[in-house]
Amino acid sequence: GNNVLRMSSRIQIKPKTAAQKSKTSSPLPCSPEPAIKPQPKPSDKLNPKTINPFGAYSRPTSVFAATYAKGGIPCRLVHGSVKHKLQWECLPETVPFDPLLVTLAEGLRETKHPYTFVSKEGFRELLLVEGATEKAIPLLPRLVPVLKATLAHADDEVFERGLDAIVQLSAVVGPSLNDHLKHLLTNLSRRLMDKKFREKVTVTLQKLEQYGGKATVAIIKSKIPTYCSISP
């Protein structure tokens, strides 16, 4: 009877020790996880703060980048030995200004190549085509808010592209821009205080007056009282 009890106790003990081993061994593969998991969490929290606002992750979602990626911009960059140029898939004269001119204006806020070149050069070349005045004027209510955002951009090169764009637009639409000019002057006035841009902003204002006529002076002075007219 004692032998039976001893054998049964041995049988009972063996599964217990096996169970204990399985209990102690099963957490082992998981044990490194608690040590590893907390490590990526701080980086996960830091990465969106450091990358998303200033990195490239948010830019591909822009109107221009998305349209460019889908082949919606009918021109492409051609790398030259001296300078780059655009090659249009069809004559620019045949391209509808709506929505391409607005899309190119959106692209002026890009900070990555080739978006920067394609948007700037495409905007300029499209405004040079015959009949650009009649095509661009109806788009002013949509173009001006986009150009305003470009002038408000923190990147200096983006701001300079905005200055060039409004001069190009003013040269094409003339006094028609006057009705929308106040929306652009606030950001110009702010940058006028920066010594780095004072001369270029002043030249831009003079060009706006040149193309906009006498009525432009009063509009500029309403936002920038220190402006000196180029007219005698």
Side-chain angles (χ1 to χ4, degrees), residues 53-56 58-69 72-80 82-88 92 95 97 99-129 132 135-136 139-173 177 180-212 220 224:
F54 309 109
S58 58
R59 284 193 283 272
T61 58
S62 71
V63 174
F64 183 81
T67 306
Y68 188 85
I73 309 294
C75 56
R76 63 185 179 89
L77 172 66
V78 177
H79 293 274
V82 179
K83 63 178 182 179
H84 302 324
K85 63 177 183 178
L86 285 185
Q87 181 173 318
W88 292 83
V95 178
F97 270 43
L100 184 59
L101 190 64
V102 180
T103 305
L104 290 168
E106 290 273 4
L108 296 171
R109 296 203 301 275
E110 298 291 339
T111 55
K112 292 185 72 176
H113 187 78
Y115 305 142
T116 50
F117 180 83
V118 173
S119 59
K120 178 181 179 178
E121 188 62 18
F123 187 86
R124 186 187 72 83
E125 290 187 14
L126 204 58
L127 286 175
L128 292 176
V129 304
K135 295 176 181 179
L139 298 176
L140 287 176
R142 289 157 59 195
L143 279 171
V144 170
V146 173
L147 294 175
K148 179 183 177 181
T150 304
L151 295 174
H153 202 283
D155 188 285
D156 289 349
E157 290 184 3
V158 172
F159 173 72
E160 289 182 350
R161 284 197 291 275
L163 289 180
D164 292 337
I166 62 173
V167 169
Q168 291 158 10
L169 184 63
S170 177
V172 171
V173 302
L177 187 60
H180 310 273
L181 199 53
K182 285 185 178 180
H183 300 291
L184 303 172
L185 291 173
T186 301
N187 291 323
L188 292 179
S189 174
R190 189 176 296 118
R191 290 296 185 115
L192 197 59
M193 304 300 170
D194 189 341
K195 289 182 180 179
K196 182 166 53 177
F197 294 109
R198 185 175 298 164
E199 183 178 350
K200 187 155 189 178
V201 171
T202 301
V203 171
T204 299
L205 293 171
Q206 291 171 346
K207 291 287 186 182
L208 292 173
E209 179 188 346
Q210 177 185 336
Y211 299 128
I220 295 175
I224 307 174

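This structure is a prediction, so every number in the text was calculated from the model and none was measured.
Every residue two or more places apart in sequence or in another chain was checked for a salt bridge (Lys or Arg N to Asp or Glu O under 4.0 Å) with E160, and none qualifies. By the salt bridge (Lys or Arg N to Asp or Glu O under 4.0 Å) test, R76 is found to be paired with no residue, residues two or more places apart in sequence or in another chain being considered. Scanning for side chain to side chain donor-acceptor pair (under 3.5 Å) contacts around E125 gives W88, with sequence neighbours left out. Residues forming a side chain to side chain donor-acceptor pair (under 3.5 Å) with E121 (at least two apart in sequence, or on another chain): R124.
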Chi angles and distances behind the side-chain contact (heavy atoms from CB on, under 4.5 Å) call for R190, M193 | CA-CA 6 Å; R190 189 176 296 118; M193 304 300 170; 6.0 Å; no
Evaluate the side-chain contact (heavy atoms from CB on, under 4.5 Å) criterion for residues N187 and F159: first the C-alpha distance (whole Å), next the side-chain angles of each, then the deciding distance (0.1 Å), finally the verdict.
-> CA-CA 10 Å; N187 291 323; F159 173 72; 5.5 Å; no
Hey, mind stepping through V63 and T67 against side-chain contact (heavy atoms from CB on, under 4.5 Å) and telling me if it holds?
-> CA-CA 6 Å; V63 174; T67 306; 4.2 Å; yes
Report the C-alpha distance between L188 and I220 in whole Å, list the side-chain angles of each, state the deciding distance to 0.1 Å, and finish with yes or no for side-chain contact (heavy atoms from CB on, under 4.5 Å).
-> CA-CA 10 Å; L188 292 179; I220 295 175; over 6 Å; no
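You'll find the side chain of I166 reaches within 4.5 Å of the side chain of T204, heavy atoms only.
In this structure, CG in L163 is found 13.0 Å from NZ in K207, a value given to the nearest 0.5 Å. For the atom pair Y211 OH and Q206 CD, the distance stands at 12.0 Å (nearest 0.5 Å). The distance from the CD atom of E106 to the CG atom of L143 is 9.5 Å, given to the nearest 0.5 Å. Atoms CG and OG, on L108 and S119 in that order, are 5.0 Å from each other to the nearest 0.5 Å. Here the straight-line distance linking atom CD of E209 with atom OG of S170 works out to 10.5 Å at 0.5 Å rounding.
Ring planes of Y115 and F64: perpendicular class, angle over 60° (limits at 30 and 60°).
With hydrogens and angles ignored, the 3.5 Å screen pairs no side-chain donor or acceptor of S189 with any backbone N or O of T186.
A pairwise comparison of heavy atoms in F97 and L126 identifies CZ-O, 3.0 Å as the closest pair. Closest of all the heavy-atom pairs between P99 and R142 is CB-NH2, 4.1 Å. For the residue pair L169 and A136, the shortest heavy atom distance occurs at CD1-CB, 4.4 Å. What you find for V158 and E110 is that their closest heavy atoms are CG2-O, 3.9 Å. Between A132 and V172, the shortest heavy-atom contact is C-CG1, 3.8 Å. Nearest heavy-atom pair, Y68 versus C75, reported as atom, atom and distance to 0.1 Å: CE1-O, 4.4 Å.
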Side-chain donor-acceptor distances from residues 195-202 under 3.5 Å, at least two apart:
unit_1	atom_1	unit_2	atom_2	d
K196	NZ	D156	OD2	2.6
R198	NE	L192	O	3.4
T202	OG1	R198	O	2.7

Table please: side-chain donor-acceptor pairs of residues 144-153 below 3.5 Å, with sequence neighbours left out.
unit_1	atom_1	unit_2	atom_2	d
T150	OG1	V146	O	3.0
H153	ND1	D155	N	2.9

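Atom NZ of K120 is surrounded by 12 or fewer heavy atoms from other residues, nucleotides or ligands within 6.0 Å.
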